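I have placed the structure first, in the form of structure tokens, so that the comments after it can refer back to it.
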Number of protein chains: 2
Amino acid sequence: MRPDEIATALRQAFRERLIPPGQALNQDELARRFGVSRIPLREALRTLVGEGLIIMRPGLGAVVTELNVDEVEELYGLRLQLEPPLAPGIVERLGQRDVDDLARLVEGMRALTAAQSEEWSTLNYRFHRRLYELSGQRHAVRLVTQVLNLVEPYARVHAHVLGSRPRMQQERVDMLQAVRDHEAERVEELIDRSIRAARTELAQAMAEISIN
Amino acid sequence: MRPDEIATALRQAFRERLIPPGQALNQDELARRFGVSRIPLREALRTLVGEGLIIMRPGLGAVVTELNVDEVEELYGLRLQLEPPLAPGIVERLGQRDVDDLARLVEGMRALTAAQSEEWSTLNYRFHRRLYELSGQRHAVRLVTQVLNLVEPYARVHAHVLGSRPRMQQERVDMLQAVRDHEAERVEELIDRSIRAARTELAQAMAEISIN
DNA sequence: CTTTTGGATATTGGATCCGATCACGGTTCG
DNA sequence: CGAACCGTGATCGGATCCAATATCCAAAAG
């Protein structure tokens with residue numbers, strides 16, 4: 001496995017909370033798990049440092065970035081600034097193939113049972129990534145992806161514990177329809193509303209947890 | 001030198017065009033220059049990959065990220081989305097010490113001769129960094145810094161060849177005054193205007209060059 | 001009983017070495 | 001004459017080895 005692939009695998013593990021925020025990363029253990037020496041592993045870790053997903057303190061090793069309520073709110077603020085403006089580019093450069101891919105993802109999400117929360121979140125993440133990449137705005141997508149990767153472990157518990165999945169599912173259906181109709185304004189509006197809803201719910205949930 | 005320090009030095013070299021966009025990076029040469037082996041150097045490079053400053057193609061080594069006109073415009077669009085909203089946080093958390101630091105930077109810029117274009121750009125960059133860090137929004141600042149580092153080599157030639165330095169200098173003076181007065185709205189407006197002005201000038205300059 | 005100090009162990013960071021791959025140049029064949 | 005084909009050097013990627021440092025536990029001092 002090459003450093004890029006290792007970084008990809010680690011990003012996924014972080015998003016899925018298989019390696020939760022705050023977790024210290026043992027280089028030997030991870031290297032063994034990926035079947036490589038520590039050199040390519042450390043290079044992968046350095047990439048994740050650049051993306052803000054972990055912090056490495058000299059001599060102390062790496063720790064998965066932990067977020068408090070304020071930081072999650074900050075990141076959702078960034079999502080609000082970055083994601084809605086992608087809408088025009090998306091509907092402009094859209095092809096039938098792309099619509100089909102997105103439709104497949106939404107259908108896959110709909111078909112899942114209530115218990116399959118993790119799978120739903122994974123598809124939901126991929127839906128966003130796929131959608132935004134259609135905008136053709138490399139750098140914006142890079143930044144958005146960094147933000148999404150950072151908040152995903154927290155958004156997951158949100159989608160899991162709270163009963164907000166039906167609403168989010170409906171949001172995705174509506175987004176898909178608006179994209180299909182090339183209605184940029186509406187897509188922009190739906191993305192904005194979706195982020196706002198998630199932000200307030202997640203902030204409330206985190207505040208309640210920190211009280212307990 | 002540790003990987004973080006090497007990455008810092010390389011970022012600076014990229015910004016100052018000492019290592020220009022498109023330049024291929026020889027690991028042996030750079031490792032020698034920093035007085036280390038290739039291991040910590042490669043880790044530094046991987047961090048820069050995470051920040052989008054270089055791209056590494058397997059077996060082919062690293063190349064400093066090159067931008068075309070569209071990408072520069074995209075990045076200035078991101079600046080417009082990310083930087084003005086930092087204003088409220090800045091004026092809110094501002095201390096006298098911070099105002100003094102910023103004032104020193106602006107004064108240092110004013111005192112430079114017309115020929116000292118590189119020095120002016122360096123101070124201008126540090127002014128922005130310092131200003132934005134006052135906002136206390138870690139993640140927003142991280143993203144903004146990534147964008148600033150990417151466009152800086154292009155913004156430099158812009159500030160150098162075009163006669164826009166007097167206007168930019170005045171913009172910094174005005175910003176400083178607005179910050180001193182804790183006028184968040186005005187700071188936001190000034191940041192926005194400054195970015196817009198730079199964007200149009202730079203886009204024009206790049207378009208003309210590509211014609212020739 | 002708490003705190004501190006010493007040492008054993010685990011873990012990180014870096015240098016050297018080796019294999020693999022790519023670029024380049026000369027040669028040969030169609 | 002041009003194009004494809006090797007061979008050689010340069011460069012990258014990774015594994016192993018070694019030094020430095022942090023962590024943890026036990027023992028001793030207050």
Side-chain angles (χ1 to χ4, degrees), chain A residues 1-14 17-67 138 142 149-150 153, chain B residues 1-14 17-67 138 142 149-150 153:
Chain A
M1 264 192 144
R2 302 170 151 286
D4 283 338
E5 306 172 83
I6 297 173
T8 300
L10 285 175
R11 276 188 284 260
Q12 185 176 345
F14 296 163
R17 275 187 162 268
L18 299 178
I19 306 176
Q23 174 77 251
L25 302 176
N26 184 307
Q27 296 181 3
D28 268 305
E29 179 196 335
L30 288 176
R32 271 199 309 274
R33 191 181 301 184
F34 289 114
V36 296
S37 80
R38 281 166 47 222
I39 299 298
L41 176 89
R42 265 161 59 185
E43 293 190 15
L45 293 182
R46 289 288 177 185
T47 300
L48 301 180
V49 168
E51 297 171 6
L53 284 174
I54 66 177
I55 57 174
M56 288 184 81
R57 276 179 296 188
L60 275 169
V63 175
V64 182
T65 300
E66 247 183 318
L67 305 175
R138 289 177 49 193
R142 203 167 48 72
N149 285 336
L150 276 169
Chain B
M1 263 192 143
R2 298 167 156 279
D4 282 339
E5 305 172 81
I6 297 173
T8 300
L10 285 174
R11 275 189 285 259
Q12 185 176 344
F14 296 162
R17 274 188 163 268
L18 298 178
I19 306 176
Q23 174 77 251
L25 301 175
N26 185 310
Q27 296 182 2
D28 273 304
E29 180 195 335
L30 288 176
R32 270 200 310 274
R33 190 180 302 183
F34 289 114
V36 295
S37 81
R38 280 167 45 222
I39 299 297
L41 176 89
R42 265 160 59 186
E43 292 190 17
L45 292 182
R46 289 289 177 183
T47 299
L48 300 179
V49 168
E51 297 171 5
L53 284 174
I54 66 176
I55 57 173
M56 288 184 81
R57 277 178 292 191
L60 220 147
V63 176
V64 182
T65 301
E66 246 182 322
L67 304 176
R138 289 177 51 192
R142 203 169 48 73
N149 285 337
L150 277 168

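Predicted, not measured: the structure shown is a model, and the values here were computed from it.
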May I have all residue pairs that pass salt bridge (charged side-chain N to carboxylate O under 4.0 Å, His left out) and include part of residues 30-39 of chain B, sequence neighbours excluded?
B:E29-B:R33
Nearest atoms (heavy-atom pairs only) where B:P153 meets B:P21
CB-CG, 4.0 Å
Expected list for residues 41-56 of chain B near DNA chain C, using heavy atoms below 4.0 Å, is none
Where along residues 25-33 of chain B does a heavy atom fall under 4.0 Å from DNA chain C?
none
Hey, what do you get for CD (A:Q23) to CZ (A:R17), rounding to the nearest 0.5 Å?
11.5 Å
One should read off an interatomic distance between B:L48 CG and B:E43 CD, to the nearest 0.5 angstrom, of 12.0 Å
As an exercise, state the distance from CD of B:Q27 to CZ of B:R42, rounded to the nearest 0.5 Å.
5.5 Å
Before giving the answer on side chain to side chain contact (heavy atoms under 4.5 Å, CB included), spell out for A:E51 and B:V49 the whole-Å C-alpha distance, their side-chain angles and the decisive distance to 0.1 Å.
CA-CA 9 Å; A:E51 297 171 6; B:V49 168; over 6 Å; no
As an exercise, state the distance from CZ of A:R138 to CG of B:L67, rounded to the nearest 0.5 Å.
7.5 Å
Exercise answer: donor-acceptor pairs, residues 54-64 of chain B side-chain atoms, under 3.5 Å, sequence neighbours excluded:
none

Return the value, rounded to whole Å, for the distance between atom CE of A:M1 and atom P of D:dG13.
17 Å
Grab the N/O contacts between the protein and nucleotides 20-24 of chain D below 3.5 Å, and write none if there aren't any.
none

Minimum heavy-atom separation for A:P3 and A:A44, please, with both atom names.
O-CB, 3.5 Å
Shortest non-hydrogen separation from A:F34 to A:A9 and the atoms involved
CE2-CB, 3.7 Å
Yes or no on side chain to side chain contact (heavy atoms under 4.5 Å, CB included) for A:V36 and A:E5, after CA distance, side-chain angles and deciding distance?
CA-CA 12 Å; A:V36 296; A:E5 306 172 83; over 6 Å; no
Test side chain to side chain contact (heavy atoms under 4.5 Å, CB included), reference B:L10, set B:L25, B:L45, B:T47, output is B:L45
Please list each protein N or O that sits under 3.5 Å from an N or O in nucleotides 15-18 of chain C, with the distance.
{"unit_1": "C:dA15", "atom_1": "OP2", "unit_2": "B:S37", "atom_2": "N", "d": "2.7"}
{"unit_1": "C:dA15", "atom_1": "OP2", "unit_2": "B:S37", "atom_2": "OG", "d": "2.6"}

